[in-house]
Each structure stands twice: as structure tokens, then as C-alpha cells.
K.L.:
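Below is the structure I would like to discuss, written out as C-alpha cells.
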Amino acid sequence: MHAEGFIPDRPSVSSTLPVVGDIEGIAFGGQIHGYVIKVGLESDSCVVSALIDMYGKCRHAEEMVRVFDEVGWMEVGSCNALVAGLSRNGLVNNALQAFREFRGQGIDLNVVSWTSIVACCAQNGKDMEALELFREMQLVGVEPNLVTIPCLLPACANIATLMHGKSAHCFSLRKGFSEDVYVASALVDMYAKCGRIRDARTIFDAMPSRNVVSWNAMMGGYAMHGKAKDVMELFNLMQTSPQKPDFITFTCVLSACSQAGLSGEGERYFYKMHQEHGIVARMEHYACMVSLLGRAGKLEEAYDLIRGMPSEADACIWGALLSSCRVHGNVRLGEIAAEKLFELEPGNAGNYVLLSNIYAAKGMWDGVDKVRDLMKSMRVRKNPGCSWIEIKNKVHMMLAGDKSHPQMNQIADRLEKLSVEMKRLGYLPSTDFVLQDVEEQDKEQILCGHSEKLAIALGLINTSHGTPLRVIKNLRICGDCHVAIKFISSFERREIFVRDTNRFHHFKDGVCSCGDYW
DNA sequence: GTAGGGTTAG
């Protein structure tokens with residue numbers, strides 16, 4: 001425009017800035033900001049919103065806030081841009097604080113404002129807050145729209161609250177939103193993560209149009225449920241559709257192969273990804289491949305792959321190697337991986353726990369002690385285990401060792417009876433999974449207090465015979481609990497789904513869908 | 001003719 005002698009005005013500036021933000025071109029964005037001041041557009045509301053958006057997208061949060069503060073007045077558009085910008089920069093608490101302030105100031109917040117804050121919470125691990133704000137927006141008379149729903153659904157999916165997810169689904173059906181590709185893709189994801197993989201597929205099949213996210217959500221769901229065959233079938237079906245797979249599609253395919261132990265298949269996909277689809281392998285793909293080879297027992301090959309990588313391996317990759325070493329009891333490579341991980345993420349307790357489990361499985365107690373001392377000196381504490389179960393539309397949260405649940409006496413009774421029955425059938429408590437420095441008999445007690453066992457006992461007490469139980473855990477499932485739940489699924493004749501940080505374990509008739517490798 | 005909110009993995 002400049003070259004041709006035109007003078008950019010308000011609309012030209014307002015429509016150029018978001019593009020600058022999208023490509024993170026702060027140098028150009030700063031120039032436009034200078035131009036805005038020069039020609040006196042700095043108090044135009046559209047221009048201000050666009051500037052805030054641009055600085056937010058370019059990760060210049062301080063400058064973003066400065067622009068907002070300097071205007072001297074508040075208007076809903078720039079407030080919305082600020083909340084979104086804070087959220088995008090991971091400043092959740094600031095976003096929540098700003099939002100409360102806007103409400104206090106009597107700003108007339110609209111559906112965009114409320115959707116932004118719901119999205120902010122859902123994207124930053126504040127799932128309960130997202131649900132609460134969604135309820136509140138309706139209480140104050142702001143009607144959720146087509147965009148609000150896919151912002152809310154990931155929160156339902158994260159904490160697996162089928163009740164809230166279903167209610168958002170019903171809302172979408174009533175409002176005619178359910179065929180929107182964003183809404184439907186988010187529904188597929190939500191149902192899959194709530195353990196309802198078949199419902200997810202029903203939604204997927206009914207979609208009038210699908211984009212790559214829809215396909216990925218469905219394949220990711222199958223992968224999480226350990227259904228590698230379905231992932232590959234869907235991948236083939238996708239080839240006949242107009243949608244091209246992207247790098248996420250391949251993480252789904254590769255992780256599915258890894259879960260199912262299909263190392264040959266996985267290696268072929270890894271090759272095809274580059275050769276036939278022109279997708280360059282990222283860290284995530286290497287992590288899948290390491291896990292794929294490692295879980296198949298090819299630990300040396302996995303280590304070779306890491307050493308042959310074009311760039312330094314990240315924590316996900318070393319973590320995949322360490323997990324595989326835990327599965328196959330490889331102390332040497334486990335120590336190598338752990339050393340890297342202690343360097344890359346010294347505060348991550350999970351890595352110490354894995355290494356300790358490797359030592360414990362080999363009876364190397366001095367190793368176990370060494371890890372415990374290291375954790376002490378690094379001031380790393382094991383995250384408390386936490387499990388949820390939804391029973392009759394109420395979510396119950398159980399913390400490891402917590403005795404505060406109102407039905408605690410019944411839970412303890414039930415666990416005692418389960419323990420007797422399991423031992424009769426040959427269960428031996430695996431006290432190796434207890435990392436604390438306590439007496440052997442106390443270890444068994446600690447295992448009984450694991451959150452997943454508490455949640456399952458609660459579910460058994462409060463649901464009728466034969467009802468499937470669905471439990472979500474914040475950490476990887478404990479090895480002793482995994483054994484115990486297999487027994488329970490068998491003699492209680494219950495299907496039990498446990499979603500841990502990685503995947504679903506579907507226990508039925510004494511076996512688990514993961515085939516005991518995870 | 002202009003700004004501000006959207007789903008997927010590891």
C-alpha cells in the first residue's frame with residue numbers, strides 16, 4: 001500500500017494486525033504500532049483490540065498489558081482481547097483476575113468474553129472452573145453459542161465427567177450446533193476420553209463433514225483405548241477421503257502400534273510418513289518409536305534410534321525409554337535414561353519413581369535407597385495419587401491414603417473383603433511399588449489406600465451388580481493395583497475402565513486390554 | 001471494508 005502511495009487507515013490496520021500476530025512477526029507488528037501512534041489511531045477501539053491481540057500472539061505479554069492500561073477506558077472488545085492474550089501466554093490466574101475485575105467494573109460482558117474465559121480455564125488445567133463458569137454465564141443470562149461448546153468440552157473430557165459432557169451434547173442438539181465440525185469433533189474426543197468409545201464412533205459416523213481434527217480425535221480415541229486395528233482401519237478409510245493426514249495423525253497411528261506391540265507395522269508407518277506423506281518426524285514421533293521398539297523388547301534398537309536422531313532427544317523420548325526399561329527390567333539403559341531425565345526435568349517425580357521400580361523389581365534395594373535419597377536432596381515429592389469416579393451424576397474424588405470420604409468405613413470393609421477373596425485366588429501384594437521407607441506390613445496398608453482401589457471400592461458399594469465402573473487417575477496406574485483390579489473384575493463380574501495419564505485399561509474377566517504392558 | 005472466543009497427540 002505504501003509503495004503504491006495509499007495511506008493505510010483504521011480498517012487496513014485492524015485487519016493487518018491479526019495476520020502479524022499469526023505469523024509472530026513482532027518487528028512488523030511494532031512498526032505498525034508506531035504508525036498507529038503517528039497517525040493518532042491509538043484510541044480507536046478496533047485498533048486497540050487488534051494491537052492487544054497482536055502482542056498476545058507474539059508472546060509479548062508485558063507490552064500487551066501496557067497497551068490495554070494506557071488507553072484509559074475499558075471497552076468489551078479490548079477486555080476480550082486481553083483475556084484471550086493472557087490465556088494464550090499461560091497467565092491463567094491473571095486472566096481470571098482480569099475477568100473478575102471487568103465484572104466488578106460493570107463491563108457488559110458478552111458471549112465472547114464468557115467463551116474466552118471458559119476456554120482459558122479448559123486449556124490451562126482448570127477444568128472445574130471451566131464448568132463452573134459455563135454454569136455461571138447461563139445464570140447471568142448469556143447464552144452459550146456454537147463456539148462456547150467446543151471450548152467447554154475438553155474440560156469435560158479431561159476430568160471425564162460424562163454427565164457434563166452429555167449435557168453439553170444435549171444442549172448442542174437442542175440448539176442445532178451438533179453438526180458443526182468443531183462441536184462434533186470435540187464430542188468425539190469427549191466421549192472417547194469418558195470411556196465411551198462406541199458413542200464416539202457413532203458421533204463420528206454421523207458427521208456431515210469432517211476435517212483432519214475429526215479424524216485425529218477418533219483415531220486418538222481408539223489409540224487411547226488400545227484399539228490398534230481400528231486406528232489402522234480408520235487410517236485406511238481416511239486415505240479414501242479428501243482429508244490428508246498430518247503429523248498428529250501419525251502420532252495416533254504410531255502410539256496405537258506401540259500400545260498393541262505391533263513394532264513392524266509401526267516401523268512401516270514411520271517410514272511411510274516421510275516417504276509418502278512428506279511429513280518430517282518430530283520429537284513426538286521419535287518418542288512413539290522409542291516406546292514402540294522399547295515395549296517390543298528391542299531396547300538397544302530404541303537407544304540406537306535416539307543416538308541417531310538429527311537433534312538432541314527431549315524428555316518425552318528419554319521418558320519413553322525409561323518406561324520401556326521398567327517393563328523389561330533393563331537396569332543399564334534405565335539408568336542412562338534416568339540420568340538424562342534428572343538433568344532435563346529434575347522436578348518430575350515420575351522419573352524417580354520409575355527408576356526406583358526398576359531397581360525394586362530386581363531386588364536392588366541399595367538402588368531404591370539411592371533414588372529415595374536423591375529425591376530427598378532434590379526436594380522432589382511424589383505427587384499424591386488421585387482418582388475420580390462418577391456415580392449417579394456425582395463426581396467422587398479420592399486421594400491416596402485419604403480417609404475423609406463419608407462412606408470410608410464401608411470402603412475399608414469392602415477393601416478388606418476384596419483382599420481376602422483375592423488372596424484366596426492367589427493374589428500377592430506387590431509391595432515393591434511402595435516407595436516410602438516403612439515396614440513391610442505397613443506397605444500393604446499403603447497399597448490398600450491407593451486412590452484407584454478406593455474409587456473402585458466406592459463404585460462397587462454404590463452401583464448395582466454388573467454396572468461397569470469408570471475410574472480416572474491423575475498418575476500412571478500402580479502395578480499392584482493393576483494386578484488387583486484384574487482379580488476384582490473377574491470375581492465381581494464387572495467391567496472396570498481405568499484411564500490413567502497414558503491410556504485406558506479395560507479390565508474384564510480377569511484380563512486387561514493393555515496386555516500387562518504399559 | 002476493520003478487532004476480540006473454537007476441536008485433535010506426545
Side-chain angles (χ1 to χ4, degrees), chain A residues 8-19 21 41 44-54 56-57 68 75-85 87-88 95 109-120 122-123 137 142 144-157 177 180-190 192-193 200 203-204 207 210-221 223-224 231 243 245-256 258 281-291 314-317 319-320 323 501-503:
Chain A
D9 63 355
R10 298 193 323 176
S12 1
V13 169
S14 305
S15 48
T16 307
L17 279 169
V19 186
L41 285 173
D44 178 83
S45 74
C46 281
V47 171
V48 169
S49 296
L51 279 172
I52 293 170
D53 175 63
M54 182 273 293
K57 283 180 179 158
F68 180 85
E75 170 272 334
V76 64
S78 45
C79 293
N80 292 345
L82 186 76
V83 169
S87 166
R88 190 172 277 129
L109 298 178
N110 57 25
V111 63
V112 177
S113 331
W114 283 95
T115 302
S116 295
I117 198 69
V118 168
C120 173
Q123 289 160 4
M137 76 183 277
V142 178
N145 69 10
L146 190 83
V147 179
T148 318
I149 303 303
C151 294
L152 175 75
L153 282 169
C156 305
F177 299 160
D180 177 72
V181 66
Y182 282 89
V183 172
S185 303
L187 283 170
V188 167
D189 178 60
M190 182 277 293
K193 287 187 179 147
I203 305 263
F204 179 82
M207 287 175 74
R210 307 181 183 99
N211 62 18
V212 64
V213 177
S214 327
W215 288 94
N216 290 351
M218 193 65 238
M219 282 191 239
M224 192 176 205
V231 174
Q243 291 301 327
D246 68 0
F247 72 102
I248 294 180
T249 315
F250 280 95
T251 62
C252 298
V253 172
L254 293 175
S255 77
S258 154
R282 302 192 187 193
M283 288 292 170
E284 301 91 314
H285 301 112
Y286 280 104
C288 287
M289 288 309 291
V290 167
S291 152
D314 69 1
C316 292
I317 295 171
S323 297
T501 40
N502 291 328
R503 57 166 297 154

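Basis for what follows: all heavy atoms, side chains included, without hydrogens, waters or symmetry-related copies. For clarity, every value in this text was computed on a predicted model and none was experimentally measured. Quick note on labels: first sequence line is chain A, next is B, and so on, each numbered from 1.
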K.L.:
So, for A:Met219 and A:Cys252, which heavy atoms are closest and what is the spacing to 0.1 Å?
P.N.:
CB-CB, 4.0 Å
K.L.:
Nearest of B:dG6, B:dG5, B:dT8 to any side-chain atom of A:Val112?
P.N.:
B:dG5
K.L.:
Any side-chain heavy atom of A:Asn110 sitting closer than 4.5 Å to one from A:Asn80?
P.N.:
yes
K.L.:
Just wondering, do A:Val76 and A:Ser113 contact through their side chains at under 4.5 Å, heavy atoms?
P.N.:
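Answer yes - side chains close enough.
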K.L.:
Among B:dA9, B:dG5, B:dT7, which is the nearest nucleotide to the side chain of A:Phe247?
P.N.:
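Of the options given, the side chain of A:Phe247 lies nearest B:dA9.
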K.L.:
Of the nucleotides B:dG4, B:dG5, B:dT7, which one has an atom closest to the side chain of A:Ser116?
P.N.:
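In terms of side-chain proximity for A:Ser116, the closest of B:dG4, B:dG5, B:dT7 is B:dG5.
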K.L.:
Once you apply a heavy-atom cut-off of 4.0 Å, does A:Ser14 come out as touching a base, just sugar-phosphate, or nothing?
P.N.:
base
K.L.:
May I ask you to say what A:Ala84 touches in the nucleic acid, namely base, sugar-phosphate or nothing, with a heavy-atom cut-off under 4.0 Å?
P.N.:
sugar-phosphate
K.L.:
Among B:dG6, B:dG5, B:dT2, which nucleotide has an atom closest to any side-chain atom of A:Asn145?
P.N.:
B:dG5
K.L.:
Looking at A:Ser15 and B:dT2, is any side-chain donor or acceptor paired with a base atom of the opposite kind under 3.5 Å?
P.N.:
no
K.L.:
With sugar-phosphate meaning primed atoms plus P, OP1 and OP2, does A:Val76 contact a base, only sugar-phosphate, or nothing at under 4.0 Å between heavy atoms?
P.N.:
base
K.L.:
Under 4.0 Å between any heavy atoms, over every strand shown, what does A:Val111 touch: base, sugar-phosphate, or nothing? Just pick one.
P.N.:
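Counting heavy atoms under 4.0 Å across all strands, the contact made by A:Val111 includes a base.
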K.L.:
Quick one: does A:Met207's side chain get under 4.5 Å of A:Ser185's, heavy atoms only?
P.N.:
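Yes; the side chains approach each other to less than 4.5 Å.
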K.L.:
Expressed in angstrom and rounded to an integer, what is the separation of A:Arg282 atom CZ from B:dT8 atom C1'?
P.N.:
13 Å
K.L.:
Look at A:Arg88 and B:dG5 and indicate whether a side-chain polar atom (N or O) is within less than 4.0 Å of OP1 or OP2.
P.N.:
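The answer is yes; a side-chain N or O of A:Arg88 sits under 4.0 Å from OP1 or OP2.
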K.L.:
Please confirm whether any donor atom in the side chain of A:Asp9 sits under 3.5 Å from an acceptor in the base of B:dG1, or the reverse.
P.N.:
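A donor-acceptor contact between them is present.
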K.L.:
Rounded to whole angstroms, how far apart are CD on A:Gln243 and C1' on B:dT8?
P.N.:
12 Å
K.L.:
Can a side chain N or O of A:Gln123 be found less than 4.0 Å away from OP1 or OP2 on B:dG5?
P.N.:
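No, A:Gln123 has no side-chain N/O under 4.0 Å of OP1/OP2 on B:dG5.
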K.L.:
What contact category does A:Glu75 fall into here, base, sugar-phosphate, or nothing, at under 4.0 angstrom with non-hydrogen atoms?
P.N.:
base
K.L.:
Contact class for A:Cys316 vs. all strands (heavy atom < 4.0 Å): base, sugar-phosphate, or nothing?
P.N.:
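Contact class for A:Cys316: none.
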K.L.:
Please tell me which of the listed nucleotides, B:dG5, B:dG4, B:dT7, lies nearest to the side chain of A:Pro18?
P.N.:
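Shortest atom-to-atom distance from the side chain points to B:dG4.
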K.L.:
Would you mind reading off the distance between A:Met207 atom CE and B:dT8 atom C1', rounded to a whole angstrom?
P.N.:
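These atoms are roughly 11 Å apart.
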K.L.:
Looking at B:dA9, B:dG5, B:dT7, which one has an atom nearest to any side-chain atom of A:Lys193?
P.N.:
B:dA9
K.L.:
Between A:Ser255 and B:dA9, is there a contact of a side-chain N or O with OP1 or OP2 at under 4.0 Å?
P.N.:
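No, outside the criterion.
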K.L.:
Between B:dT7, B:dG1, B:dG5, which nucleotide gets closest to the side-chain atoms of A:Pro154?
P.N.:
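When the side chain of A:Pro154 is considered, B:dT7 is the closest of B:dT7, B:dG1, B:dG5.
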K.L.:
A:Leu82 CG to B:dG5 P: how many Å, rounded?
P.N.:
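Rounded to whole Å, this separation is 12 Å.
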K.L.:
For the residue pair A:Thr148 and A:Val111, establish whether any side-chain heavy-atom pair is separated by less than 4.5 Å.
P.N.:
yes
K.L.:
Starting at CG of A:Leu146 and ending at P of B:dG6, how long is that distance when rounded to a whole Å?
P.N.:
13 Å
K.L.:
I need the CZ-P distance between A:Arg503 and B:dA9, as an integer number of Å.
P.N.:
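It works out to 15 Å between those atoms.
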K.L.:
Kindly indicate whether the side chain of A:Asn502 and the base of B:dG10 share any N or O donor-acceptor pair separated by less than 3.5 Å?
P.N.:
no
K.L.:
Does A:Ser78 have any side chain to side chain donor-acceptor pair (under 3.5 Å) partners at least two apart in sequence or in another chain, and if so, which?
P.N.:
A:Glu75
K.L.:
For residues A:Arg88 and A:Asp53, determine if any side-chain heavy atom of one lies less than 4.5 Å from a side-chain heavy atom of the other.
P.N.:
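Sidechains of A:Asp53 and A:Arg88: in contact.
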K.L.:
State whether the distance check finds a donor on one side and an acceptor on the other, under 3.5 Å, for side chain A:Thr115 versus base B:dG5.
P.N.:
yes
K.L.:
With a 4.5 Å cut-off on side-chain heavy atoms, are A:Met283 and A:Cys316 touching?
P.N.:
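No, side chains not in contact.
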K.L.:
Pick base, sugar-phosphate or nothing for A:Phe250, based on heavy-atom distances below 4.0 Å to the nucleic acid.
P.N.:
nothing
K.L.:
To the side chain of A:Glu284, which of B:dG10, B:dT7, B:dT2 is closest?
P.N.:
B:dG10
K.L.:
Using a heavy-atom cut-off of 4.0 Å across all strands, would you classify A:Ile149 as base, sugar-phosphate, or nothing?
P.N.:
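Answer is nothing: A:Ile149 stays at 4.0 Å or more from every strand.
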K.L.:
Please state how far atom CG in A:Asn216 lies from atom C1' in B:dG10, giving the value in whole angstrom units.
P.N.:
13 Å
K.L.:
Look at A:Lys57 and B:dA3 and indicate whether a side-chain polar atom (N or O) is within less than 4.0 Å of OP1 or OP2.
P.N.:
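Negative; the distance criterion is not met.
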K.L.:
Let me know the distance between CD1 of A:Ile52 and P of B:dG4, rounded to the nearest Å.
P.N.:
11 Å
K.L.:
Taking the side chain of A:Pro11 as its heavy atoms from C-beta onward, which of B:dG4, B:dT8, B:dT2 lies nearest to it?
P.N.:
B:dT2
K.L.:
May I ask you to say what A:Asp246 touches in the nucleic acid, namely base, sugar-phosphate or nothing, with a heavy-atom cut-off under 4.0 Å?
P.N.:
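Nothing: the residue A:Asp246, judged by heavy atoms under 4.0 Å, touches no strand.
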K.L.:
Identify which nucleotide among B:dT8, B:dA9, B:dG6 has an atom closest to any side-chain atom of A:Ala217, counting heavy atoms from C-beta outward.
P.N.:
B:dT8
